[in-house]
Amino acid sequence: MTASNDDGERGTGHTPGPTSTTSASASASDTAATNSVGRRSAGRNGWAQPTTPGALSKKVQRRLTAPQATRTNAIHPGAWWLWALGLGTAASRTTNPLLLTLLIGVAGYVVAARRTEAPWAHSYSAFVKLALAVLLIRLAFAVVLGSPIPGTHTLLTLPELPLPDWAEGIRIGGRVTAEGLTFALYDGLKLATLLICVGAANALANPARLLKSLPGALYEAGVAVVVALTFAPNLIADVQRLRAARRLRGRPDKGLRGLLQVGLPVLEGALERSVALAAAMDARGYGRTADVPRTVRRTTTALTLGGLVGVCAGTYGLLTAEGGSYGLPVLLAGLAAALAGLWLGGRRSLRTRYRPDAWGVRAWLVAASGATVATLLIAYASYAPSNSAALHPGVVPLTAPTLPLWPAAAILLGLLPAFIAPVPEHTHPKNTRKESS
């Protein structure tokens with residue numbers, strides 16, 4: 001009977017009644033349930049519905065895209081410092097201006113892609129200006145005081161100032177050669193690259209979070225270091241704020257007069273921050289220590305100081321070509337002694353950590369990228385004596401530097417943090433699309 005009614009309704013085109021509507025809903029729900037059971041059974045049996053290429057590509061793109069930066073997934077500040085120190089170590093192993101320029105470009109790109117709007121993040125431009133000033137001063141010294149590099153291509157001759165006999169070996173003025181000026185350019189560019197790498201670490205690492213990550217034995221020293229590191233960014237922020245306020249009031253903000261009128265409020269702000277910091281530290285019980293035996297204190301001091309000396313000596317050996325044989329063993333021994341001393345010294349600290357920063361996979365990759373750059377350049381230099389000419393181009397005779405392929409490819413590995421580190425909120429692609437729409 002129901003079938004005939006359904007046929008009649010289809011033939012006459014009438015609207016189906018309530019009974020047929022209920023039957024259709026029941027059939028649809030049964031079909032959906034059957035499909036759901038089929039999908040579950042398909043998953044159990046090992047076969048699944050085919051995935052469209054568009055959905056697969058979106059899924060892969062989501063996995064490869066860096067996530068939005070939050071408090072929980074932010075890169076550990078120690079990873080940023082290890083990355084920057086790796087780039088700095090690579091810069092100390094070469095004087096090739098092409099490789100040094102590539103290192104500067106890698107550091108600048110990562111800073112531009114992953115720095116936040118925090119006050120310390122704006123200190124990178126100050127480090128760049130400082131590096132440029134150091135380069136110009138090095139060139140000025142080479143022009144005025146001369147260069148120990150002999151040269152035959154004279155660019156200009158300055159009036160030479162006669163000096164007494166006790167100043168033998170020092171001259172002011174005289175010939176300025178292309179070889180001496182090129183040597184000064186290479187040397188100054190290396191120092192400028194080191195400063196830019198340190199500026200990149202200052203712009204990317206949160207100094208307060210870095211202080212939280214220090215062991216208890218270094219907490220007091222860490223406070224002093226963090227205050228010193230944050231002084232320059234806060235000073236730059238105060239100067240920019242006061243200069244903008246003076247421009248809005250129609251007052252001069254440049255020149256000696258503007259500098260003098262801006263300097264006093266800046267010093268006043270620095271004094272107010274110091275008083276506020278001292279009050280906050282006193283309110284939190286800063287400086288309290290637990291009672292430990294005298295033998296433990298002396299052992300801790302010996303291990304920590306001896307370990308730090310070993311770390312410094314080993315690092316110096318790695319950064320110089322003469323210490324390549326003893327640098328790594330001394331560095332490892334110093335690290336072991338320092339870690340043991342820090343572990344013992346942490347027993348005197350009554351401090352606890354609130355929400356400690358996790359060292360995740362992305363932090364390991366960021367730190368490993370900088371360490372890989374340094375390791376590959378050191379290995380390239382020690383692999384064959386002929387590779388040293390590519391890393392240290394000669395100036396006598398004067399030749400144009402070449403770009404070695406393998407060191408350049410190794411330096412490009414330092415770009416990895418720009419793609420795997422969480423994206424700050426103001427530079428995230430989703431926010432950019434929202435603002436543009």
Side-chain angles (χ1 to χ4, degrees), residues 75-90 92-93 194 197-198 201-202 205-230 277 281-282 284-360 363-364 366-368 370-372 374-375 378:
I75 297 297
H76 197 283
W80 286 121
W81 273 101
L82 290 177
W83 168 79
L85 290 177
L87 296 185
T89 304
S92 65
R93 307 297 295 189
L194 292 174
C197 292
V198 174
N202 277 278
N206 188 337
R209 292 177 56 202
L210 183 62
L211 175 63
K212 288 177 57 178
S213 304
L214 288 177
L218 293 180
Y219 183 70
E220 288 81 3
V223 171
V225 172
V226 169
V227 170
L229 289 176
T230 56
L277 178 62
M281 292 168 63
D282 183 67
R284 288 167 173 81
Y286 176 78
R288 293 180 301 171
T289 57
D291 294 331
V292 294
R294 183 179 299 177
T295 306
V296 176
R297 291 201 302 267
R298 292 179 178 177
T299 305
T300 301
T301 303
L303 287 175
T304 304
L305 293 180
L308 292 178
V309 171
V311 169
C312 294
T315 304
Y316 176 78
L318 289 178
L319 295 178
T320 56
E322 293 80 6
S325 59
Y326 68 86
L328 185 59
V330 173
L331 177 62
L332 294 177
L335 282 175
L339 290 176
L342 294 178
W343 178 76
L344 289 176
R347 299 170 59 183
R348 299 179 64 244
S349 177
L350 300 175
R351 184 176 60 95
T352 58
R353 289 188 178 93
Y354 173 67
R355 294 198 309 180
D357 294 322
W359 192 290
W364 281 111
V366 169
T372 303
T375 303
I378 294 175

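Along the sequence shown, the residues carry numbers beginning at 1. Values below: every heavy atom of this structure, side chains too, minus hydrogens, waters and symmetry copies.
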key: Side chain Ser92, main chain Thr89, donor-acceptor under 3.5 Å   = yes

query = Taking all non-hydrogen atoms of both residues, which atom of Gly307 and which atom of Ala337 are closest, and how far apart?
reply = CA-CB, 3.8 Å

ask   = What closest approach, in Å, do Leu87 and Cys197 show between heavy atoms, and which atom pair accounts for it?
value = CB-SG, 3.7 Å

inquiry  = Minimum heavy-atom separation for Asn202 and Val198, please, with both atom names.
reply    = ND2-O, 2.9 Å

ask   = For the residue pair Leu331 and Val311, what are the closest heavy atoms and their distance?
value = CD1-O, 3.7 Å

key: All side-chain contact (heavy atoms from CB on, under 4.5 Å) counterparts of Ala201, not counting sequence neighbours   = Trp81, Ala84

Least distance between heavy atoms, Ala368 atom then Thr372 atom = O-OG1, 2.5 Å

remark   = Residue set satisfying side-chain contact (heavy atoms from CB on, under 4.5 Å) with Thr299, at least two apart, ordered chain then number -> Thr295, Leu303, Leu344

task = List for me each residue that meets ring pair (Phe, Tyr, Trp, His ring centres under 6.0 Å) alongside Trp364, sequence neighbours excluded, and say none if there are none.
result = Trp359

